[in-house]
Amino acid sequence: QVQLVESGGGLVQAGGSLRLSCATSGHTFSTYVRAWFRQAPGKEREFVAAVMSNGGITVLANSVKGRFTISRDNAKNTVYIQMNSLKPEDTAVYYCAEDHRRRFSIATSASEYQYWGQGTQVTVSS
């Protein structure tokens, strides 16, 4: 059974940094596209970043470009998102997700991802 478990969320002041981790189990980790989404209260879940299987190709939402970096360590079955220069509008529950259908492209719609973690809260105070 595929399981994704996020960690690293918390409360940080504006301008600060956090690194989220997502460990996966239940399959050959290196095969699939991994992504981060976020959902603020009253808003739809939105794409944040994704990385392809070898880590060489990443996609970032415009709202986080230049501030966030996504990476993966296939040996540890873990994907990370480094979040710098955090803003209050980054406050949300952050979810990692996995797409088992694609090998050579990255989807940015939440509906295209089949497996999800439980989420971790990130709160940025002003």
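Residue numbers start at 1 and run along the sequence shown. Side chains are part of it too, since the values below use all heavy atoms of this structure and drop only hydrogens, waters and symmetry mates. A quick note: this is a predicted structure, and the numbers were derived from the prediction, not measured.
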Legend entry - Smallest separation among heavy atoms of T78 and S21, with atom names: CG2-CB, 4.1 Å
Inset, instruction - Would you please indicate yes or no on a ring centroid separation below 6.0 angstrom for Y115 and Y32? - result: no
Inset, instruction - Could you tell me whether a side-chain N or O of Q39 sits under 3.5 Å from a main-chain N or O of E44, the two making a donor and an acceptor? - result: no
Inset, instruction - Grab the two heavy atoms, one from N74 and one from S53, that are nearest each other, plus how far apart they are. - result: ND2-O, 3.2 Å
Legend entry - Charged N-O contact under 4.0 Å between R34 and D99: no
Inset, instruction - Find out whether M52 and I106 are in side-chain contact, i.e. whether some heavy atom of one side chain is under 4.5 Å from a heavy atom of the other. - result: yes
Inset, instruction - Could you grab the distance from atom CH2 of W36 to atom CD1 of I81, nearest 0.5 Å is fine? - result: 7.0 Å
Inset, instruction - Identify whether NZ of Lys or CZ of Arg in R72 sits under 6.0 Å from the centre of the six-membered ring of Y80 and within 45° of that ring's axis. - result: no
Inset, instruction - Please report the closest heavy-atom contact between A92 and Q121, naming both atoms and the distance. - result: O-NE2, 3.4 Å
Legend entry - Atom of D90, atom of V124 and distance for their closest heavy-atom approach: CB-CG2, 4.3 Å
Inset, instruction - For L18 and V122, run side-chain contact (heavy atoms from CB on, under 4.5 Å): C-alpha distance rounded to whole Å, both residues' side-chain angles, the deciding distance at 0.1 Å, then the answer. - result: CA-CA 9 Å; L18 280 175; V122 171; 3.9 Å; yes
Inset, instruction - Enter the distance from L4:CG to S25:OG here, rounded to the nearest 0.5 Å. - result: 8.0 Å
Inset, instruction - Would you indicate whether the side-chain heavy atoms of I57 and V51 approach each other to under 4.5 Å? - result: no
Legend entry - Cluster overlap W116 with Y94, hydrophobic side-chain contacts below 4.5 Å: no
Inset, instruction - Report whether L20 and V59 are members of the same hydrophobic cluster (ILVMFWY, side-chain heavy atoms less than 4.5 Å apart, transitive linking). - result: no
Inset, instruction - Indicate yes or no: at least one non-hydrogen side-chain atom of C22 is less than 4.5 angstrom from one of Y95. - result: no
Inset, instruction - Using the rule that two of Ile, Leu, Val, Met, Phe, Trp, Tyr join whenever any of their side-chain heavy atoms come within less than 4.5 Å, decide whether V33 and I70 are in one cluster. - result: no
Legend entry - Heavy-atom closest pair, residues N84 and S17: OD1-OG, 2.9 Å
Inset, instruction - Kindly indicate whether the side chain of R38, heavy atoms from C-beta on, has any atom under 4.5 Å from the side chain of V64. - result: yes
Inset, instruction - Give, for atom CZ of R19 and atom CD of Q82, the distance between the pair rounded to the nearest 0.5 Å. - result: 7.0 Å
Inset, instruction - Could you go through the ring pair (Phe, Tyr, Trp, His ring centres under 6.0 Å) check for F37 and F47 one step at a time? - result: CA-CA 5 Å; F37 287 76; F47 173 81; 5.6 Å; yes
Inset, instruction - Determine whether the side chains of T24 and N77 contain a donor N or O and an acceptor N or O closer than 3.5 Å. - result: no
Legend entry - Minimum heavy-atom distance S71-V79, with the two atoms named: O-CG2, 3.1 Å
Inset, instruction - Taking the side chain as every heavy atom from C-beta outward, state whether E112 and R101 have any pair of such atoms under 4.5 Å apart. - result: yes
Inset, instruction - Would you tell me whether E89 and T91 have side-chain atoms, one donor and one acceptor, within less than 3.5 Å of each other? - result: no
Inset, instruction - Kindly state each residue pair satisfying side chain to side chain donor-acceptor pair (under 3.5 Å) with at least one member in residues 4-13, sequence neighbours excluded. - result: E6-Q118
